[in-house]
Amino acid sequence: MYKALIDDIFSDSEGAEETTFPATDEDLLILTEKFLGFEIPSKVFLQAIAIADYDGAAAFRYVDNYLTNLKNKKKRKQKKLLVLGCSTRFYNN
């Protein structure tokens, strides 16, 4: 009975740690390509590379989250713009 209880404790998937793998050269190239077309601070790019050094999957999540936030900020700025037009009531009489 105790052996079954111990096996259940050690086979618990919630307590298991995920294995991380550093990004390969190909992964780093893909990460770099994701940033193309966007103006980003060099600090963000270097942070993505530093994360990729020990966890490639986390680096991709970091890049995707950053770019999603960047796109959302641009959309909000575009919505805040007002279009001003002239009114016909104020033309010279």
Side-chain angles (χ1 to χ4, degrees):
M1 167 141 174
Y2 291 113
K3 184 176 188 309
L5 182 60
I6 291 172
D7 287 342
D8 285 343
I9 291 172
F10 286 113
S11 67
D12 186 18
S13 62
E14 291 177 13
E17 292 183 24
E18 286 187 30
T19 305
T20 60
F21 298 100
T24 63
D25 290 341
E26 185 176 329
D27 292 338
L28 292 174
L29 182 61
I30 294 169
L31 279 174
T32 303
E33 288 174 348
K34 282 185 169 244
F35 280 129
L36 291 177
F38 295 97
E39 258 186 68
I40 60 161
S42 58
K43 182 178 179 180
V44 172
F45 178 74
L46 294 175
Q47 181 67 31
I49 299 301
I51 293 169
D53 191 34
Y54 63 90
D55 189 354
F60 277 96
R61 287 192 302 271
Y62 175 78
V63 170
D64 290 338
N65 288 336
Y66 182 84
L67 294 178
T68 299
N69 289 337
L70 188 65
K71 289 175 187 176
N72 288 338
K73 283 181 183 179
K74 284 185 179 181
K75 285 181 183 178
R76 278 186 254 141
K77 283 182 181 179
Q78 289 174 352
K79 288 181 183 179
K80 290 181 182 179
L81 294 176
L82 295 175
V83 178
L84 301 176
C86 62
S87 174
T88 57
R89 295 184 305 175
F90 297 110
Y91 280 123
N92 290 336
N93 292 337

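Predicted, not measured: the structure shown is a model, and the values here were computed from it.
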- Determine, step by step, whether Asn65 and Thr68 satisfy the side-chain hydrogen bond (donor to acceptor under 3.5 Å, both in side chains) criterion, reporting the C-alpha distance in whole Å, the side-chain angles of both residues, the deciding distance to 0.1 Å, and the verdict. CA-CA 5 Å; Asn65 288 336; Thr68 299; 5.4 Å; no
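Judged by distance alone, the side chain of Asn72 and the main-chain N or O of Asn69 form no donor-acceptor pair under 3.5 Å.
Phe38 and Leu29 fall into different hydrophobic clusters, where Ile, Leu, Val, Met, Phe, Trp and Tyr residues are linked whenever their side-chain heavy atoms come under 4.5 Å apart, directly or through other members. By the criterion of side-chain heavy atoms lying less than 4.5 angstrom apart, applied directly or through intervening Ile, Leu, Val, Met, Phe, Trp or Tyr residues, Val63 is not grouped with Phe21; the two fall into different hydrophobic clusters. Both Ile49 and Ile30 belong to a single network of hydrophobic side chains, linked directly or stepwise wherever heavy atoms of I, L, V, M, F, W or Y lie under 4.5 Å apart.
Heavy atoms only, all atoms of each residue included: Lys34 and Leu67 are closest at O-CD1, 3.4 Å. In this structure, Thr20 and Tyr54 approach most closely via the heavy-atom pair OG1-O, 3.5 Å. Across all their heavy atoms, Glu39 and Leu70 have their closest contact at O-CD2, 4.3 Å. Across every non-hydrogen atom of Val44 and Tyr62, the tightest pair is O-CE2, 3.7 Å. Summarising the geometry of Leu28 relative to Ala52, their closest heavy-atom pair is CD2-CB, 3.7 Å, with the distance given to 0.1 Å.
To the nearest 0.5 Å, the span separating CD on Gln47 from CD1 on Ile40 amounts to 11.5 Å. One finds the OG1 atom of Thr19 at 10.5 Å from the CG atom of Asp55 (value rounded to the nearest 0.5 Å). Taking CG of Leu31 as the reference point, atom CZ of Phe45 lies at 8.0 Å (rounded to 0.5 Å).
By the 6.0 Å contact criterion, CD on Glu26 is open, its count of non-hydrogen atoms from other residues, nucleotides or ligands being 12 or less.
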